[in-house]
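This report concerns only the one structure given below.
As the structure is a prediction and not an experimental result, all values here were calculated from the model. In what follows, every heavy atom counts, from backbone to side chain, and hydrogens, waters and symmetry copies are set aside.
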Amino acid sequence: TSPNPVDQRAVIGKFEPRVATTTFLTMSRERPQLAAKYLLQPMLAPLHRCLSTAEIPESDMVPGTILVTEEELSRCIEDVFKVYVVGNEPLTVLVGSLLPVLGVLFLLYCFTKQSVSHLRSLCQEILLWILGKLERKKAIASLKGFVGLDKAVPSLHSLCQFRAATHGGVMVTIKEAISDEDEDEALYQKVSSEQGQVEHLGDLLSHCQECGLAGDFFIFCLKELTHVAMENEAELKTKPFSNKSLLELEQHQSLLVEGQERKLLVLQLVALLCERMSEQIFTNITQVVDFVAATLQRACASLTHQAESTVESQTLSIHEKSAQMGLQSSAPFIPKGVSQPSTTTNQKLASISTEQLQEVLLSAYDPQIPTRTAALRTLSRWIEQREAKALEMQEKLLKIFLENLEHEDTFVYLSAIQGSSNCIWHGNLECSPVKFIVSIYVLEIGRFLLRPDLVSMLRN
């Protein structure tokens with residue numbers, strides 16, 4: 001006969017933990033369907049009860065109603081920790097059963113970070129375990145869902161909230177109705193909560209550097225930043241509104257607001273990762289190559305669109321910031337007397353003076369990483385825009401770029417790569433051996449070229 005699902009919830013508590021964990025693992029290995037139905041589902045029931053996809057009975061929708069008691073939630077988290085983390089067998093049925101409730105687990109982890117709770121370390125260990133066992137694409141998708149970049153990932157029900165319980169645990173209750181006077185406070189709480197989720201995701205990822213997950217998620221954010229920065233907002237804003245209903249106009253406005261929220265969230269994530277992660281965030285050469293590709297793709301997209309929007313200018317500051325991992329300021333350092341263009345990338349700067357050029361040349365040898373990076377980018381831009389005084393010293397500038405290709409800092413040598421490429425394609429150099437040497441260097445370091453026709457030149 002089939003066991004009673006309700007009775008199985010306490011099976012771990014009835015036996016010695018090691019024996020109970022072995023029982024769960026044996027059943028999951030030999031009878032996965034039975035284990036999922038009669039062991040895992042009942043054990044995870046408290047989390048499923050407050051999912052965004054759950055149907056809460058109307059009788060339970062009264063504000064203040066306790067949907068999951070402190071005892072139920074504590075027992076659930078403790079049992080999950082014993083079976084999944086202590087048992088440490090990434091069986092398909094185990095991983096698959098935990099995936100739907102990861103969003104709730106993460107929000108519970110965030111809530112426990114606000115005060116002292118014995119559930120905090122358990123939630124953290126469970127999340128780290130599952131993120132380490134998941135396929136990398138699924139792990140990235142879960143991280144996206146944690147901070148709201150993927151709305152399809154199940155999360156806490158909109159009517160539910162976590163509340164501190166009397167014995168130091170946590171319970172889930174139905175939210176109180178919000179009055180008109182409390183709308184501002186509710187908005188503040190919502191913004192604070194979302195900010196906290198991003199911060200706590202950074203804390204979680206700080207433990208995921210050695211396995212490479214933090215580096216992969218950082219690269220995903222950089223790619224997303226490129227996509228977000230170059231979106232054609234004008235197309236949405238200039239659509240004709242004639243013959244449109246008020247409902248359609250409201251939906252259009254909602255899409256614009258959601259788009260802006262997503263952009264700000266991506267910028268926030270990249271800035272946070274730049275602050276929290278160490279210089280060892282990349283654990284293998286593939287990640288380094290992907291990072292170089294993502295960075296240069298953003299540069300190529302900017303040149304293709306020939307425009308610099310407000311968001312694009314912010315991404316430049318964010319990328320500059322990631323060149324100074326661990327520094328407090330996110331604003332790019334620009335040498336005195338040098339200004340960046342603020343309209344279009346192909347608009348020429350006012351003719352630079354000899355003094356300005358000399359000052360930037362000195363900054364290109366500055367030991368401070370932000371100063372050197374900004375100087376290399378400025379010199380590269382002057383070559384690209386064919387400033388006369390910069391072209392006169394092109395051989396010297398190319399030498400500076402080549403010297404900085406060996407620099408250990410990522411954004412210094414990336415700026416040097418772009419500067420070398422600009423010398424080839426926008427300058428007056430005709431020396432094919434120089435082109436060949438620089439091109440090979442770019443190919444070997446980045447495996448990604450600013451100009452695809454460089455490949456055909458190498459073949460010829």
Side-chain angles (χ1 to χ4, degrees), residues 44 47-48 50-54 95-111 113 123-124 126-162 190-208 211-231 233 236 251 254-274 276-277 281 287 290 294 297-298 311 315 318:
L44 297 170
L47 298 176
H48 280 283
C50 52
L51 272 177
S52 56
T53 55
V95 174
S97 65
L98 199 56
L99 267 179
V101 297
L102 284 186
V104 176
L105 268 174
F106 176 73
L107 292 181
L108 177 59
Y109 166 73
C110 294
F111 182 82
K113 296 275 285 185
C123 289
Q124 177 176 300
I126 294 169
L127 289 169
L128 292 176
W129 182 86
I130 187 68
L131 289 173
K133 302 302 181 184
L134 284 173
E135 296 176 2
R136 192 49 51 92
K137 287 184 178 180
K138 290 184 178 180
I140 296 293
S142 297
L143 294 173
K144 289 163 57 180
F146 290 169
V147 290
L149 283 176
D150 188 349
K151 303 295 183 183
V153 175
S155 187
L156 190 67
H157 198 287
S158 59
L159 293 177
C160 297
Q161 64 179 359
F162 293 114
K190 179 178 181 294
V191 173
S192 299
S193 175
E194 292 173 351
Q195 170 70 24
Q197 290 169 29
V198 173
E199 295 284 338
H200 300 321
L201 181 68
D203 295 338
L204 204 60
L205 284 174
S206 65
H207 300 283
C208 300
C211 69
L213 178 58
D216 285 340
F217 187 69
F218 182 52
I219 293 169
F220 157 77
C221 289
L222 289 181
K223 292 179 179 178
E224 189 70 13
L225 196 62
T226 300
H227 172 71
V228 164
M230 303 315 300
E231 278 182 343
E233 299 179 28
L236 287 173
Q251 291 173 341
S254 297
L255 288 175
L256 288 178
V257 172
E258 289 178 8
Q260 288 296 328
E261 288 177 349
R262 184 180 181 85
K263 292 175 184 179
L264 292 174
L265 178 56
V266 173
L267 285 169
Q268 189 180 5
L269 278 170
V270 176
L272 176 79
L273 292 172
C274 290
R276 297 289 184 85
M277 301 299 114
I281 187 172
Q287 286 186 332
D290 288 342
Q297 279 174 337
R298 189 206 58 77
V311 174
T315 66
I318 293 295

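We find the OG-CG distance between Ser52 and Leu159 to be 11.0 Å, quoted to the nearest 0.5 Å. Between the CD1 atom of Ile126 and the CD atom of Gln124 there is a distance of 11.0 Å, given to the nearest 0.5 Å. The line from CG of Leu108 to CZ of Phe162 is 4.5 Å long, rounded to the nearest 0.5 Å. Separating the CG atom in Asp216 from the SG atom in Cys221 is a distance of 11.0 Å, to the nearest 0.5 Å. Put simply, SG on Cys110 and CD on Gln197 are 5.5 Å apart, with the number rounded to the nearest 0.5 Å. The distance from atom CG of Leu201 to atom CD of Gln268, rounded to the nearest 0.5 Å, is 10.5 Å.
Side-chain contact between Leu131 and Phe217 is absent, with no heavy-atom pair separated by less than 4.5 Å. Here the side chains of Glu199 and Lys113 are not in contact, with every heavy-atom distance at 4.5 Å or above. At least one side-chain heavy atom of Leu205 sits under 4.5 Å from a side-chain heavy atom of Leu143. Inter-residue side-chain proximity for Leu222 and Asp290 is flagged as unmet; no heavy-atom pair is nearer than 4.5 Å. Between Phe218 and Val270 there is a side-chain heavy-atom pair separated by less than 4.5 Å. Counting only heavy atoms from C-beta outward, the side chains of Leu213 and Ile140 approach each other to under 4.5 Å.
Contact detail for Ala214 and Ile281: the closest heavy-atom pair is O-CD1, 3.9 Å. Nearest approach of Gly148 to Leu265, heavy atoms of both residues: C-CD2, 4.3 Å. Residues Asp203 and Tyr109 share a closest heavy-atom pair of CB-OH, 4.0 Å. The two residues His48 and Ser97 make their nearest non-hydrogen contact at NE2-O, 4.5 Å. Here the closest non-hydrogen pair linking Cys50 and Val104 is SG-CG1, 4.0 Å. The heavy-atom pair separating Ser142 from Leu134 by the smallest distance is OG-CD1, 3.9 Å.
With Phe106 as reference, Leu204 is the one residue of Leu204, Leu156, Val153 to meet the side chain to side chain contact (heavy atoms under 4.5 Å, CB included) rule.
Shown here is Lys133, whose NZ atom has more than 12 heavy atoms of other residues, nucleotides or ligands within 6.0 Å.
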### Task
Could you check Ile130 against Leu105 for side-chain contact (heavy atoms from CB on, under 4.5 Å), going step by step and ending with a plain yes or no?
CA-CA 11 Å; Ile130 187 68; Leu105 268 174; over 6 Å; no
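Judged by distance alone, with hydrogens and angles left aside, the side-chain atoms of Gln287 form a donor-acceptor pair with the main-chain N or O of Gly212 at under 3.5 Å.
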